[in-house]
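Here is the structure we will look at, set down as structure tokens.
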Amino acid sequence: MVAGLRSSAQTAKMRSYRVLTLLALVILLGAALLLVPPAWLPAQLQPYYYSLFGESAYEKPPASKKIDLGQAEPFCPDEHPDWRKRQVIDGVTIEESLACNPDNPWAVAAFVKGTNNVSMDTLMKSGLAPDAVVIGEDRDGDGDPDVIHIKLEVVELNGKSPDMSDLIPAYFIAPGIQPGFWVFAPKTSGMATKNADSLEANELLRVPSPVIRVEQGDTVQITLENTHYFPHTIHFHGVDHPYAHHENQGNDGVPETSELPVMPGESRTYEFSQFDNPGFHTGHGEVMPGKSRTFEMAPRQPGTFFYHCHVQPQAHIHMGLQGMFIVEENRPNNWVQTLNIGAGHVRHPSVAVREKYAREYDLHFQDIDSRLNDIIKTSNDPRLTEKAMNRQYNIINRKANYFLLNGRSFPYTFRESLIVVEPNEKVKLRVLAGGEEGLSLHPHGHTVKITHYDGIEQNPLAQITRDVVWLSMAQRVDLELTTVNDGLHSSGEGVWMLHDHKERAFTTDGIHPGGSTTAIVYRSYLNDNGWPKIQGIDWAPFFTPQYYRREVPVWATYDETGMLGEAGARTPRVGRAVLLGFLVGVLLGGLAVLVRSLSKSTRGT
């Protein structure tokens with residue numbers, strides 16, 4: 001009985017001890033909460049904290065950190081000022097280009113006259129192979145050539161090198177940004193890079209694939225020399241062509257229904273022949289010697305069309321194997337610029353365009369998902385690339401994060417793709433929506449008239465004027481931009497933004513400003529080097545890789561006080577931190593004692 005009484009007393013004592021320990025822990029916990037800075041608590045708990053303990057005393061915010069932008073790139077490098085002027089090369093008139101980065105005028109001359117017809121000096125300065133664009137005879141006697149043979153290769157940009165960690169040949173869409181690409185490119189001579197000391201791709205190897213221009217009714221041969229490690233074809237989207245020929249070989253570029261793809265190392269020649277002369281159009285293709293075949297088609301209708309690879313198109317088109325294909329109206333003495341590298345300003349417009357417009361611009365919009373495009377950076381084994389691209393990447397989950405105009409994103413678009421105008425003139429814009437998400441094109445300060453949809457001229461009564469033009473993927477429009485300051489067509493001179501009005505599309509991977517943004521710039525607002533006279537904020541951050549890596553506050557240069565900059569670290573309260581640490585240690589110790597006591601009690605029973 002005495003032992004039982006002793007056991008009951010000990011049990012009661014242990015319970016009292018645990019209650020006191022628990023009470024002490026609660027008190028210590030409350031004290032610790034008092035010492036915790038409210039800013040450490042979740043936002044939803046902070047009101048409860050203040051209601052229990054009152055507002056904390058004012059604390060001076062930390063000073064703003066000094067932002068190191070690094071070395072910003074020059075806005076306009078002005079590498080080739082001599083390319084900008086109006087000039088005549090081998091009898092070809094090259095119009096003045098007011099862009100910061102103008103096209104190579106010797107290449108333009110070769111595209112007009114043919115690499116087989118220009119001087120050796122022009123050919124060497126163009127960087128083209130002697131058979132890149134072969135211009136033939138004038139079959140109808142109207143003063144311009146009617147037989148053109150273009151050779152295209154498949155080029156990889158920003159691919160993985162087996163010899164170095166750098167991506168080669170390097171191609172940047174914006175400061176520090178290098179998605180992987182494949183492009184159709186004209187056949188070139190010499191190095192793929194600018195020179196032996198550079199890894200950057202030369203001017204002919206770039207995004208987008210070149211604009212192809214031919215005249216209505218011409219015989220045009222396009223040979224695809226597959227210099228790539230994957231099979232490819234070319235589908236001429238919207239261009240009039242027969243489906244197949246007598247050798248049972250297709251002519252539509254579609255492996256599933258029309259033709260076998262062009263395998264690595266092979267070539268194929270697609271031919272557009274004069275339809276109205278049976279001597280130049282047989283209606284079928286002919287098997288050529290070796291692995292090259294000729295396919296005959298008839299570009300009977302003028303307009304703005306599209307060409308692209310149709311092998312695994314969900315991947316290959318977005319990798320960059322796409323371009324504009326333009327059939328110009330037939331006119332006498334109509335020597336057209338067969339290729340327009342990088343799209344943009346057409347420096348030798350057709351006779352039909354010059355009849356109505358002061359100048360012409362090709363605008364090729366794209367959007368890409370870097371998860372797809374960057375696959376080529378990971379391996380040199382085509383089997384692994386095929387698996388990652390076609391079986392592991394799922395386009396259903398595609399989310400575009402880069403938006404391009406003529407192969408660049410802002411701010412590089414301002415170096416190459418400004419729409420330069422003067423008052424009281426008309427300018428022709430040919431627009432292609434080459435991205436998955438479509439295009440909502442909006443010019444500031446202007447409206448545009450839609451004259452053609454998908455290469456088809458609209459009835460003049462149906463040619464509507466708008467300030468937003470919507471295109472779904474693969475659609476094209478021809479737009480007439482009028483610069484008469486009447487409050488409808490134009491609001492006057494200035495630097496007027498031109499952009500895709502999908503909000504994501506004027507960001508670069510979510511950072512604004514970026515994307516496919518460019519501008520309509522009046523010549524009076526243009527510096528001699530092609531850079532616009534901008535009146536807004538300092539653009540230096542936009543020309544640093546750090547800005548697009550999210551390392552720079554977007555308003556860092558807006559004010560000298562740094563109120564909108566990066567917050568520095570708070571000065572720690574040493575005493576408060578030490579006391580808080582002590583209380584946390586006591587709490588943990590008390591919990592350990594309590595757990596041990598409960599454990600002993602359990603074993604004792």
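The chain is numbered in sequence order, starting from 1.
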For [X] and [Y], test the side chains for any donor-to-acceptor distance below 3.5 angstrom and give the result as yes or no.
X      : Y      : answer
Gln322 : His308 : no
Asn373 : Tyr402 : no
Glu215 : Asn334 : yes
Tyr393 : Gln314 : no
Glu480 : Tyr357 : yes

Distance-minimising heavy-atom pair for [X] and [Y]:
X      : Y      : answer
Ala129 : Leu123 : O-CD1, 4.1 Å
Ile148 : Ile135 : CG1-CD1, 3.6 Å
Phe184 : Pro210 : O-CD, 3.0 Å
Pro302 : Gln216 : CD-NE2, 3.6 Å
Ala109 : Thr122 : CB-CG2, 4.4 Å
Phe506 : Asp500 : CD2-O, 3.1 Å

Please examine the side chains of [Y] and [X], heavy atoms only from C-beta on, and report whether any two atoms are closer than 4.5 Å.
X      : Y      : answer
Phe111 : Leu128 : yes
Glu156 : His228 : yes
Leu157 : Ile376 : no
Trp83  : Ser97  : no
Asp218 : Val336 : no
His237 : His310 : no

Look only at the side chain of [X] and the backbone of [Y], and say whether a donor-acceptor pair between them is shorter than 3.5 Å.
X      : Y      : answer
Gln458 : Ile456 : yes
Ser409 : Phe403 : yes
Arg139 : Asp146 : no
Asn401 : Gly510 : no
Arg359 : Pro349 : no
Gln337 : His348 : yes
Asn158 : Tyr171 : yes
Arg347 : Glu95  : yes
Asp367 : Glu437 : yes
Ser370 : Pro179 : no

Review point. Taking it one step at a time, do Lys113 and Asp90 satisfy salt bridge (charged side-chain N to carboxylate O under 4.0 Å, His left out)?
Key: CA-CA 8 Å; Lys113 199 169 183 178; Asp90 282 1; 5.4 Å; no

Nearest-0.5 Å distance, [atom1] of residue [X] to [atom2] of residue [Y]:
X      : Y      : atom1 : atom2 : value
His345 : Asn340 : NE2   : CG    : 9.0 Å
Ile173 : Arg206 : CD1   : CZ    : 11.5 Å
Thr385 : Ile375 : OG1   : CD1   : 8.0 Å
Lys387 : Arg383 : NZ    : CZ    : 11.5 Å
Met324 : Leu363 : CE    : CG    : 7.0 Å
Leu405 : Leu432 : CG    : CG    : 11.0 Å

Check your understanding: Can you say whether the rings of Tyr412 and Phe543 are parallel (under 30°), tilted (30 to 60°) or perpendicular (over 60°)?
Key ->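 Tilted, since the angle between the ring planes falls between 30° and 60°.
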
Exercise for review: Tell me, yes or no, whether the heavy-atom count around Met191 atom CE, taken from other residues, nucleotides or ligands under 6.0 Å, exceeds 12.
Suggested key: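 Counting neighbours around CE of Met191, more than 12 heavy atoms of other residues, nucleotides or ligands fall under 6.0 Å, so yes.
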
**Study point:** Arg391 atom CZ, over 12 foreign heavy atoms within 6.0 Å
**Key:**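 Enclosed.
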
Practice item. Begin with the C-alpha distance, continue with both residues' side-chain angles, and end with the deciding distance and a verdict on side-chain contact (heavy atoms from CB on, under 4.5 Å) for Lys187 and Glu225. Key: CA-CA 9 Å; Lys187 191 173 181 180; Glu225 296 185 352; 3.6 Å; yes

Check your understanding: Does the pair Ile368 and Phe181 meet the rule for a side-chain contact (heavy atoms from CB on, under 4.5 Å), with working shown?
Key -> CA-CA 10 Å; Ile368 63 172; Phe181 291 104; 3.9 Å; yes

**Study point:** Test salt bridge (charged side-chain N to carboxylate O under 4.0 Å, His left out) applied to Arg268 and Glu266, step by step
**Key:** CA-CA 7 Å; Arg268 176 171 299 148; Glu266 292 186 351; 5.4 Å; no

Practice item. Report the C-alpha separation of Trp182 and His316 in whole Å, then their side-chain angles, then the decisive distance to 0.1 Å, and conclude whether the ring pair (Phe, Tyr, Trp, His ring centres under 6.0 Å) test is met. Key: CA-CA 8 Å; Trp182 299 331; His316 292 204; 5.1 Å; yes

Point to revise | Sole candidate of Gln366, His318, Arg398 that passes side chain to side chain donor-acceptor pair (under 3.5 Å) when paired with Glu436 | key: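 The passing option is His318.
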
Review point. Lys151 and side chain to side chain donor-acceptor pair (under 3.5 Å): which partner among Thr115, Asp131, Thr223?
Key: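 When Thr115, Asp131, Thr223 are each tested with Lys151, the side chain to side chain donor-acceptor pair (under 3.5 Å) holds only for Asp131.
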
Review point. Hey, would you say the Phe236 and Phe325 ring centroids sit under 6.0 Å apart?
Key: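 That pair passes the under 6.0 Å test.
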
Review point. Centres of the His501 and His499 rings: under 6.0 Å?
Key: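 Ring centres of His499 and His501 closer than 6.0 Å.
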
**Study point:** Full working for side-chain contact (heavy atoms from CB on, under 4.5 Å) between Glu329 and Glu457
**Key:** CA-CA 12 Å; Glu329 295 178 46; Glu457 185 174 10; 5.7 Å; no

Practice item. Kindly indicate, with the supporting measurements, whether the criterion side-chain contact (heavy atoms from CB on, under 4.5 Å) is fulfilled by Val427 and Ile520. Key: CA-CA 11 Å; Val427 175; Ile520 300 167; over 6 Å; no

Review point. Are the charged groups of Asp362 and Arg213 less than 4.0 angstrom apart, N to O?
Key: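 Salt bridge between Asp362 and Arg213, a charged N being under 4.0 Å from a carboxylate O: yes.
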
